[in-house]
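Each remark here refers to the structure printed beneath this line.
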Amino acid sequence: MAEAADTPGMTPSPARRWLRRAGALLAGAPLLAGLLQLSAPSAQAAGPASAREASDTGTVAVAVDSLSPGAPTDGDTLTVSGTVTNNGKQAVTGAHVNLRVGSALTTRSAIDGVAKHPDALTGDDGSEIGGKYAATFAKLTPGVAEHFSISVPVGKLDLGDEGVYPLGVAVSGETAAQQWDQVLGVQRTFLPWQPEEADTPTRTTVLWPLVSTVHMTAETGSNAQQTPVFLNDDLAKELAPGGRLDQMLSLGRELDVTWVIDPDLLASVDAMTGSYRIRGDGDTTTAGTHQAIAKQWLGDLQDAVLGKEVVALPFADPDLASLAHNGTGVAGSLSQLKEATDVAATTVETVLHVTPSTDFAWPVDGAVDPSIVKVATSAGADKVIARGDSLTENGDLTYTPSAARPIGGGTTAVVADARLSTAFEGDLTKASASTLAVQEFLAQSLALNQQTGKQRSVVVAPQRMPTAVQARAMAQAVTLLQGGTWSQSQQLAAAAKAKPDPGATTKVPSKSAYPSALRKQELPRSAFEQIAYTQDRLDNFKVILANEARVVTPFGRAMNREMSTSWRGRNTAANAFRQGVQAYLDTLTGQVKLIDKSETKLSGRSATIPVTVQNNLVQGVDHLILRLTSTNPTRLEISDDAYAEQRVTVSGGHTSTVKFTTSANVNGQTRVIAQLYTEDGQKYGNEVAFDVRVTEITATVMLVIGGGVLLLVLAGFRMYTQRKRSAAREAEDTDEADEAEEHGEDGADGAPGTGEHADGPQQAGDHGSRPKRDSGAPPGATGPQQPSDETPDTAVESTDPSGTGERVDR
């Protein structure tokens with residue numbers, strides 16, 4: 001009809017007829033596709049239209065929140081619970097949830113493939129187990145989650161031989177646009193099936209890490225107990241009921257595991273059991289109040305590890321890879337690792353009262369290279385915990401070998417299984433994610449066991465600091481594993497001593513093969529340089545202290561913490577911590593210092609210069625040398641050399657003044673420098689410089705002073721001679737009086753006097769009669785007065801002899 005209508009009355013040419021037929025076919029293709037889709041029983045039977053559709057997750061999300069038992073055996077009833085949520089825009093009618101069991105997965109890689117896309121609509125899920133073993137819903141409203149629970153006897157699952165089976169939980173139903181029964185969503189997990197005891201069970205070692213971040217500072221109180229100061233109160237939150245460390249302890253104590261403990265965590269919790277402070281804003285601190293929580297946790301841990309294997313990491317869990325790649329070129333870095341290793345055993349024994357093993361090193365994520373192995377063993381460890389994704393196999397083996405591998409130099413690499421160790425690193429906050437992680441862990445463990453009939457030792461080394469939900473998932477998986485039929489527990493030391501597989505690789509990967517993602521998180525070289533600088537300052541400080549342990553111990557542990565693995569990915573916090581340690585040490589060293597001096601004036605050729613040393617520390621300081629140096633010895637000489645030294649000892653909270661004798665040669669100003677030194681000649685603290693002004697005494701001044709001294713001497717001599725003369729005269733008068741007494745009246749028979757003593761002064765106590773002269777008469781006149789003479793000032797004196805002892809006027 002079409003061809004005739006093209007040109008009426010004419011027959012179409014063959015070419016035109018071909019074109020018309022091709023157009024008709026192209027026009028009918030969409031209609032044919034629609035008819036085929038309508039005739040298909042389900043969307044799954046029609047098959048995916050593209051690669052994108054093959055990975056579609058469907059419009060209904062299925063979450064498997066629990067699966068019990070995780071590793072069923074004969075006679076068990078499997079219960080699967082979860083939720084289905086309609087994420088589409090149309091309601092789903094006639095919905096039903098059922099279980100589907102696919103073919104056994106024969107390799108560990110096959111398990112990986114299923115786990116990678118657990119919710120893809122396509123897959124080998126097998127036929128559904130329907131009937132009464134299904135959950136039905138009349139309607140699934142968009143955005144509403146509906147709970148389901150299905151219980152089915154294991155016998156109804158038609159499981160065959162031992163192995164790992166994929167278990168699909170699928171939801172089917174109809175929509176208004178697609179009114180036929182179809183799979184709208186699926187969630188796959190794993191069902192390990194080992195009903196009987198395995199012929200050669202895998203010996204499995206599970207590491208149970210008790211590691212935390214850095215919590216304590218270098219600062220301590222000035223009291224005898226040295227009250228510790230914490231960065232924050234986060235540790236109390238981890239220890240409190242429900243906290244991460246509380247969960248790790250309560251879950252781990254019920255398991256047969258190897259405890260791997262950071263001694264710094266023990267030291268921090270032990271410090272919390274007594275008085276402690278929390279760092280606040282600025283220099284403020286507040287009192288910690290969680291002593292009871294710390295005591296309870298520590299007591300429970302002591303009970304949990306009793307009789308169990310305990311491995312102690314070096315103190316504060318140093319980052320071995322950072323040290324190997326960035327720290328070995330800095331002097332003293334390896335010494336820090338050795339010190340952290342030495343103190344580890346002592347800390348664990350003191351706090352937990354058990355003897356730990358300290359010969360295991362554990363690099364981050366088990367990633368190793370030759371430099372990491374060298375550093376790890378430099379502190380005494382001869383076993384390195386590596387991981388299978390670092391020490392990979394070369395492909396010659398068809399099974400996973402035992403963990404122990406000799407890697408040369410007497411060192412054993414204990415290679416943890418990568419799949420089992422990383423099974424719980426994801427976000428497991430949702431119950432469905434946790435359930436899938438547990439089932440995948442069990443599936444990988446069973447698949448590993450079924451690879452060969454050889455007896456092998458396997459190690460599980462999970463992440464260092466799992467969250468609380470990750471810890472619960474780990475504990476659930478380990479509980480099922482240890483209660484299963486294909487695994488038996490083994491200690492880490494036994495795994496390290498197990499006979500190695502001869503075909504297992506023993507070649508440590510090169511340094512260039514180290515994961516770049518991990519390298520980006522490492523501590524930089526500058527971090528180790530700052531640690532070395534702090535150590536030098538500490539060494540210079542401790543030699544002057546009367547009790548150096550009060551300072552060396554907290555600062556030594558603080559420097560160990562500066563190398564902690566917990567700083568990975570936290571560069572800002574790590575740098576702030578290092579700066580804080582250095583600043584606090586500077587504060588302490590600054591408490592011992594010289595007091596500043598102003599200009600000093602010296603008058604004279606010699607004088608003493610006092611210099612004061614102040615000690616504001618609680619403890620005394622000793623072994624200090626104070627050196628005083630003259631910058632111009634020609635002008636101001638302090639000693640035969642250019643400087644003088646004296647030893648200094650100052651009690652805590654006191655000052656001490658040291659005096660230096662100086663000699664001035666020339667007038668003027670001289671710069672003098674005072675500097676403290678340690679006994680080994682290292683400068684301590686800042687120098688104090690001051691000016692000394694010398695004023696020399698001149699020759700004229702000296703002559704005047706000498707003359708004055710001479711006059712004083714002469715005056716003293718004159719006074720001395722006068723006193724001697726007076727004493728002699730007194731002695732002479734005494735002799736005359738004695739002589740007069742001996743002669744009686746001899747003096748009265750003669751004339752009134754001969755004039756022998758007339759002119760001489762009468763001494764007190766003189767005797768005899770001496771005439772009294774008129775004050776107006778000339779000396780020696782004794783005759784009568786003339787009429788022309790002046791009237792005398794006094795009456796005429798009696799001519800009678802004077803009484804004995806009476807003084808005669810001259």
Side-chain angles (χ1 to χ4, degrees), residues 202-213 238-239 242-266 269 297-314 317 344 347-348 351-352 354-366 383 385-387 403 414-418 420-425 428 434 437-438 441-442 445 457-484 487-496 565-566:
T202 305
R203 294 172 179 169
T204 308
T205 302
V206 177
L207 307 186
W208 201 253
L210 286 184
V211 179
S212 186
T213 57
E238 293 191 81
L239 300 176
R244 187 184 71 85
L245 289 173
D246 173 71
Q247 292 284 295
M248 290 294 296
L249 173 55
S250 60
L251 294 170
R253 68 189 305 173
E254 304 298 330
L255 304 173
D256 190 1
V257 294
T258 294
W259 296 84
V260 180
I261 301 177
D262 176 9
D264 181 33
L265 174 61
L266 300 182
V269 178
W297 189 86
L298 208 55
D300 291 344
L301 180 60
Q302 291 171 349
D303 295 337
V305 300
L306 191 63
K308 300 291 183 68
E309 184 182 34
V310 176
V311 172
L313 299 173
D317 187 20
T347 303
V348 175
V351 178
L352 295 184
V354 297
T355 301
S357 172
T358 59
D359 52 357
F360 286 90
W362 189 13
V364 175
D365 289 354
K383 305 174 188 67
I385 302 173
R387 206 166 69 184
V414 182
V415 183
D417 185 80
L420 298 178
S421 299
T422 60
F424 306 100
E425 291 186 353
L428 304 184
S434 177
V438 170
F441 177 89
L442 296 175
S445 176
S457 296
V458 176
V459 173
V460 180
Q463 62 270 38
R464 273 173 157 75
M465 290 185 285
T467 64
V469 292
Q470 289 173 338
R472 288 193 291 270
M474 286 167 50
Q476 181 182 356
V478 174
T479 300
L480 292 171
L481 182 66
Q482 294 180 349
S487 176
Q488 61 182 208
S489 301
Q490 182 175 243
Q491 293 187 342
L492 181 60
T565 300
S566 67

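Nothing here was measured: the structure is a model prediction, and the numbers come from that model.
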Going from [atom1] on [X] to [atom2] on [Y], what distance comes out if it is rounded to the nearest 0.5 angstrom?
X: Met474; Y: Gln476; atom1: CE; atom2: CD; answer: 12.5 Å
X: Phe441; Y: Asp417; atom1: CZ; atom2: CG; answer: 9.0 Å
X: Arg253; Y: Asp303; atom1: CZ; atom2: CG; answer: 6.0 Å
X: Thr202; Y: Leu481; atom1: OG1; atom2: CG; answer: 8.5 Å
X: Leu306; Y: Leu301; atom1: CG; atom2: CG; answer: 11.0 Å
X: Asp317; Y: Ile261; atom1: CG; atom2: CD1; answer: 12.5 Å

Discussion item. So, using side chain to side chain donor-acceptor pair (under 3.5 Å) as the criterion, who are the partners of Gln488 when residues are at least two apart?
Written reply: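 Scan of Gln488 (side chain to side chain donor-acceptor pair (under 3.5 Å), adjacent residues dropped) gives Arg203.
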Over all atoms of both residues, closest heavy-atom pair of [X] and [Y]:
X: Leu239; Y: Asp246; result: O-CB, 3.6 Å
X: Val348; Y: Ala312; result: CG2-CB, 3.8 Å
X: Gly252; Y: Val257; result: O-CG2, 4.0 Å
X: Ile385; Y: Phe360; result: CG1-CD2, 4.2 Å
X: Gln490; Y: Ser457; result: NE2-OG, 3.1 Å
X: Leu442; Y: Ala477; result: CD2-O, 3.7 Å

Check whether [X] reaches the backbone of [Y] with its side chain - one donor and one acceptor, N or O, closer than 3.5 Å.
X: Gln482; Y: Ser489; answer: no
X: Gln302; Y: Val351; answer: yes
X: Thr205; Y: Val459; answer: no

Is there side-chain contact between [X] and [Y], with at least one heavy-atom pair below 4.5 Å?
X: Trp259; Y: Leu249; result: yes
X: Met465; Y: Arg244; result: yes
X: Pro209; Y: Gln463; result: no
X: Thr204; Y: Leu420; result: no
X: Met248; Y: Pro466; result: yes
X: Glu254; Y: Thr479; result: no

Practice prompt. Let me see the working for Glu238 and Ser212 under side-chain contact (heavy atoms from CB on, under 4.5 Å), right down to the final yes or no.
Written response: CA-CA 9 Å; Glu238 293 191 81; Ser212 186; 2.9 Å; yes
Discussion item. Distance alone, cut at 3.5 Å: any donor-acceptor contact between the side chains of Gln491 and Thr258?
Written reply: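 No - no donor-acceptor pair under 3.5 Å links their side chains.
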Item to complete: Determine, step by step, whether Arg387 and Thr422 satisfy the side-chain contact (heavy atoms from CB on, under 4.5 Å) criterion, reporting the C-alpha distance in whole Å, the side-chain angles of both residues, the deciding distance to 0.1 Å, and the verdict.
Response: CA-CA 10 Å; Arg387 206 166 69 184; Thr422 60; 3.5 Å; yes
Worksheet item: Yes or no on side-chain contact (heavy atoms from CB on, under 4.5 Å) for Val206 and Leu255, after CA distance, side-chain angles and deciding distance?
Response: CA-CA 9 Å; Val206 177; Leu255 304 173; over 6 Å; no
